[in-house]
> 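Take this structure, written in structure tokens, and hold onto it; I'll ask about it next.
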Amino acid sequence: MTTVQRFTFGTAGHIDHGKSALVTALTGRDPDARPEEKQRGMTMDLGFCFMELGGEEVAIIDVPGHEDFLRTTIAGVSGIDFLLLIVDLSEGIMPQTREHLEVALAMGIDRGIVVLTKADLVDEEMTILVADDLSDLLRGTPLEDSEMVVTSVETGQGLDELRERMIALIASGTGVVRDEEAVFRTPIDRVFTLPGFGTIVAGTVACGRYRLGEELLLLPRGRKVRVRSLQVHGTKVEEVFPGQRAAFNLAGVEVDSVERGDTLTVPDFLRPTSRLDLWLEVSKSATKPLRHHQRVRFLIGTSLSFGRVSLLDADEIPPGGGSFAQITLEKPVVVVRNEPFVICNFSTLRVIGRGRVVFPYALRHRRYKEHVLERMSTLRGAELGKFLALVLSDAYEEGGVRGLTRLARLAQEREEKVRQALEVLVEGGKVVVCGEDKYISRDNLEVLKGEIEGQIKEYMAKDSLSVGVSLGTLRQRLGVDKDAGEMLFSMLEAEGRIVVSAGKAKIKGEGPAWTAAQRRVRQSLAKSFAEVEERAGVGILSKSEIEETVPEKDLSLAEEMVDYLCRVGELIPLFGNLYITAKSLAEVKEKLTAYLKEHGSIRAADFKDFLSISRRQATSILDYFSDTGVTRREKGTHFPSS
């Protein structure tokens with residue numbers, strides 16, 4: 001029967017409490033692989049063993065118990081499903097017992113077994129006393145109902161019972177939730193080389209699946225890497241799954257260019273970050289409050305970085321207290337939403353707090369801002385749909401519209417999963433589709449509509465002779481692309497709020513806000529064109545004739561007004577600085593069409609006599625009709641275009 005390792009147990013406890021000896025007794029393998037560990041009899045790095053339990057292949061991570069190796073301990077605990085909290089009956093609860101327990105709880109480990117070791121060294125009364133102390137220690141924690149097993153590796157006492165308890169935990173299937181369909185991610189906790197193989201990195205697959213041959217990205221270095229071979233507990237495999245202990249043989253990667261704390265993932269999803277929004281709790285056992293701007297060690301997954309904590313609604317957090325905060329790191333890390341972390345004193349490496357990542361890619365926040373705290377409260381532990389709704393709501397300052405690819409990267413999820421969540425939001429009316437794979441929140445949509453109207457009014461107030469605002473200008477000012485802009489303009493036009501014509505938009509029903517002087521010039525021009533139309537039958541004037549109809553002080557206003565009337569289509573500019581009213585041009589077109597239908601063609605001299613206008617005017621009008629396709633010209637003669 002082929003078994004697949006999906007669950008990982010991890011040891012925790014004080015130094016010399018028998019963690020490694022217990023793992024050896026259970027698996028038949030010594031987890032201490034380094035010569036100096038064997039020489040000193042002390043675990044200094046993570047040890048890894050595998051065993052079969054109830055038809056399941058499980059991994060066991062043995063962590064060092066000495067306080068000097070706390071970072072290594074945290075790196076190991078971050079990858080486990082079930083805790084083996086190990087306590088020496090001859091010593092009882094010790095400092096690292098408490099600290100390792102706090103780390104495990106911080107990492108979200110809520111299932112495990114309490115293993116009492118070295119039973120051959122104590123009597124029954126001592127066993128009862130230590131068990132009672134442990135019950136008090138675990139009371140109020142997720143591990144308070146954990147089974148206790150009394151063992152001795154010297155006599156074999158309790159080892160079979162321990163195996164049975166471990167099998168029961170595996171059968172419950174209630175380890176850390178690891179999503180197979182999520183973006184593949186493996187925090188690296190081990191880096192080594194083997195002759196003939198080169199660099200090998202290992203870690204517990206946090207989520208997602210990886211198949212040999214797919215390209216991976218090494219973060220935070222940003223280097224694309226190729227995996228030469230893939231192993232799970234010494235056996236070559238083609239694919240690895242969440243929860244498995246996996247080793248990746250990297251091609252062309254020097255061993256000194258990768259380290260514990262790096263992450264293997266697929267390209268284009270995760271990115272390093274140096275500023276994170278957090279929910280932070282200070283340990284009850286901390287000896288002093290956590291202060292604003294305090295420098296700490298930040299341990300998350302398998303990585304360690306120094307940073308300063310910014311408290312957003314207090315100057316300090318007392319022991320046992322909690323608050324929203326930001327941390328600015330000196331070295332970027334790769335994290336995901338809701339990932340657990342631990343903070344330690346900068347100097348002593350003692351655990352002083354724990355928490356969860358609220359948002360990995362945070363902007364700098366000002367302190368004591370209610371809207372910031374409300375946003376972080378909403379984001380804390382938010383499921384995908386709620387997260388996307390908030391991200392889209394926050395997107396107003398960036399134009400309000402976000403594409404599927406960007407949303408997937410912010411959510412750190414695959415695009416298909418994000419698309420499905422967005423479809424639910426769209427059906428519920430909270431989100432609107434605006435272009436291919438582009439989305440906007442309903443609230444921001446209404447805000448942007450109002451912003452468009454405001455921009456149009458503001459623009460036209462500055463230019464009283466404007467016929468509207470360029471759609472391109474509006475899109476640029478709002479920060480939206482063409483697809484989103486066209487959707488917004490179409491919606492506003494359908495709602496009767498704007499009019500779009502010739503690539504420009506204006507408020508429906510609102511005309512230009514002319515000054516008294518502009519109205520005077522407008523009336524003067526209308527009168528001049530009406531008079532010439534009544535006198536000559538065609539409302540046509542040259543630029544110089546127009547200038548003669550207005551006082552010298554209004555010449556510049558007249559030029560601006562003529563330009564405006566041409567843009568709105570009341571006047572039509574002709575060759576030779578001539579202008580004809582749209583009404584006259586339509587009448588001339590109708591007469592010319594009838595003439596051509598009867599006579600077949602016309603020359604400029606005949607057209608001049610036909611309308612009783614000047615040769616210059618006749619030529620300009622015929623050229624206009626030829627250029628616009630009403631007629632076609634051949635050697636000075638004009639024919640119907642058809």
> Tell me if a side-chain donor or acceptor on S310 pairs with a main-chain N or O of I327 at a distance below 3.5 Å.
no
> Taking E383 for its side chain and K386 for its backbone only, find out whether a donor-acceptor pair lies under 3.5 Å.
yes
> Considering residues at least two apart in sequence or located in another chain, which fulfil the side chain to side chain contact (heavy atoms under 4.5 Å, CB included) criterion with E238?
R211, L212
> Does L116 offer a backbone N or O that forms a donor-acceptor pair with the side chain of T151 under 3.5 Å?
yes
> Side chain of T265, backbone of F184: donor and acceptor closer than 3.5 Å?
yes
> Name the residue from T263, V225, T186, V191 that meets the side chain to side chain contact (heavy atoms under 4.5 Å, CB included) definition with V201.
V191
> State plainly whether the residues R308 and E330 are in salt-bridge range, i.e. N to O under 4.0 Å.
no
> Can you find a pair of side-chain heavy atoms, one from N345 and one from V351, that are under 4.5 Å apart?
no
> Between E161 and R165, does any side-chain N to carboxylate O distance fall below 4.0 Å?
yes
> Got a sec, which residues hit salt bridge (Lys or Arg N to Asp or Glu O under 4.0 Å) with E339, two or more places apart in sequence or on another chain?
R185
> Identify, with sequence neighbours excluded, every residue that meets salt bridge (Lys or Arg N to Asp or Glu O under 4.0 Å) alongside K438.
D481, D483
> Taking only Lys NZ, Arg NE, NH1 and NH2, and the carboxylate oxygens of Asp or Glu, determine whether R419 and E413 approach each other closer than 4.0 Å.
no
> Applying salt bridge (Lys or Arg N to Asp or Glu O under 4.0 Å), can you list everything that pairs with R139, at least two apart in sequence or on another chain?
D136
> Checking R367 now: which residues fulfil salt bridge (Lys or Arg N to Asp or Glu O under 4.0 Å) with it, not counting sequence neighbours?
D315
> Run the side-chain donor-acceptor check on residues 214-224: report pairs under 3.5 Å with partners two or more places apart or on a different chain.
{"from": "R221", "atom 1": "NE", "to": "S257", "atom 2": "O", "distance (Å)": "3.1"}
{"from": "R221", "atom 1": "NE", "to": "D262", "atom 2": "OD2", "distance (Å)": "2.6"}
{"from": "R221", "atom 1": "NH1", "to": "S257", "atom 2": "O", "distance (Å)": "3.2"}
{"from": "R221", "atom 1": "NH2", "to": "D262", "atom 2": "OD2", "distance (Å)": "3.2"}
{"from": "R223", "atom 1": "NH2", "to": "G252", "atom 2": "O", "distance (Å)": "2.6"}

> Has K417 got a side-chain atom pairing as donor or acceptor with L384's backbone, closer than 3.5 angstrom?
no
> Mind checking whether F306 and F346 have ring centres under 6.0 Å apart?
yes
